[in-house]
Amino acid sequence: MNAPDPRRPARYSVIGHPVAHSQSPFIHAQFAQQTGQDIAYGRIDCGAQGFEAAVRAFAADGAAGCNVTVPFKFDAAALAAVCTERARLAGAANTLRFDADGWLADNTDGIGLLRDIEFNAGFALAGRRVLLVGAGGAGAGVLGPLLGAGPRELTLVNRTPERAQALVARHAPLAREAGVALRAAALQAPGRAFDLVINASASSLQGASVPVPDDALSGAGLAIDLMYGAAAQGFLDWAARRGARARDGLGMLVEQAAEAFFVWRGVRPDGAPVLQALRARLACA
Ligand code: NAP
């Protein structure tokens with residue numbers, strides 16, 4: 001393995017398949033400029049089968065770390081010598097740091113979503129009723145941090161119910177500790193009038209309809225789709241028709257990246273101006 005060359009920028013990349021659409025290189029370039037950190041950040045499309053080989057080759061070439069995207073977050077956690085507690089609970093990682101004494105795996109999706117909800121959207125989670133839709137990599141990553149924010153109730157639903165039940169079972173001790181009523185329910189019968197509905201499923205990505213009944217969302221509530229761009233519009237329109245506030249996944253995207261930057265560089269960038277720049281960039285695209 002080549003040691004990092006201190007005369008060159010520290011190298012990072014997003015690795016996954018596909019990655020051509022990824023905004024991470026733009027976001028991290030903005031963070032680097034803002035904080036004066038000397039980094040280079042690229043994209044590696046590893047194809048459907050080549051994830052592990054691509055990560056190992058990148059690390060062996062002296063890179064410092066990577067982000068991992070769909071569908072390899074579960075594989076990423078398994079590759080590391082050490083998982084942070086939030087990556088261990090999720091069983092999935094979106095951030096690897098190639099430490100010389102063993103790779104560290106972390107999952108920054110949950111803290112990114114929390115920052116977007118509580119700080120960017122100004123919506124305090126304490127005491128709220130929350131519906132989380134989706135028990136894939138994203139749902140698994142955000143569940144623990146959401147519990148930590150102390151909602152009154154958190155209901156998890158998923159197209160394949162067994163996955164939701166397994167995640168709920170794994171998080172039950174944390175929920176008890178945090179005093180949150182955590183349960184799994186059926187996708188078509190989650191309960192009514194939640195204060196916050198988070199769509200962490202791939203329904204919008206696939207152009208499918210909103211996967212929960214209309215009355216799941218309170219008209220005074222907030223609804224977030226982790227998807228962004230045109231694909232998220234159907235979900236945002238659904239929330240607006242309910243009279244609720246609607247938010248796409250761009251804020252979380254920036255905030256999870258800010259936390260990954262902190263894991264790598266020990267400096268936490270300010271996400272707000274980067275989110276603004278990203279929205280402007282996408283509006284012009
Ligand atoms: P994943 O691991 O592939 O999981 C997909 C999830 O969506 C599973 O729970 C799956 O249910 C469910 N699903 C798929 N199609 C569905 C449909 N038509 N109706 C209802 N549920 C459906 O993907 P992921 O990593 O969790 O990502 C999910 C979404 O979050 C993607 O759109 C991704 O782009 C987005 N995301 C955004 C951010 C961000 O920073 N904004 C970060 C992470 C992910 P089954 O278990 O039944 O298959």
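When a residue number appears, it is its place in the shown sequence, counting from 1. Just so you know, ligand 1 is whichever comes first in the structure, and atom 1 is the first atom listed for that ligand.
Aromatic ring pairs are classed by plane angle as parallel below 30°, tilted from 30° to 60° and perpendicular above 60°; the pair Phe261 and Phe31 is perpendicular.
Nearest heavy-atom pair across Ala244 and Gly221 is CB-O, 3.4 Å.
Counting non-hydrogen atoms of other residues, nucleotides and ligands closer than 6.0 Å to CD of Gln276 gives a total of 12 or fewer.
Geometric assessment of Arg281 against the ring of Phe26 yields a positive cation-pi assignment under the 6.0 Å and 45° thresholds.
Put simply, CZ on Arg265 and CG on Asp38 are 7.5 Å apart, with the number rounded to the nearest 0.5 Å.
Criterion: ILVMFWY side-chain heavy atoms under 4.5 Å apart, direct or through other members. Under it, Ile117 and Tyr228 are not part of a common hydrophobic cluster.
Closer than 4.0 angstrom to ligand 1 sit non-hydrogen atoms from Val70, Lys73, Asp109, Gly134, Ala135, Gly136, Gly137, Ala138, Asn158, Arg159, Thr160, Arg163, Ala200, Ser201, Ala202, Ser203, Leu205, Gln206, Ala208, Pro211, Leu226, Met227, Gly249, Met252, Leu253, Gln256.
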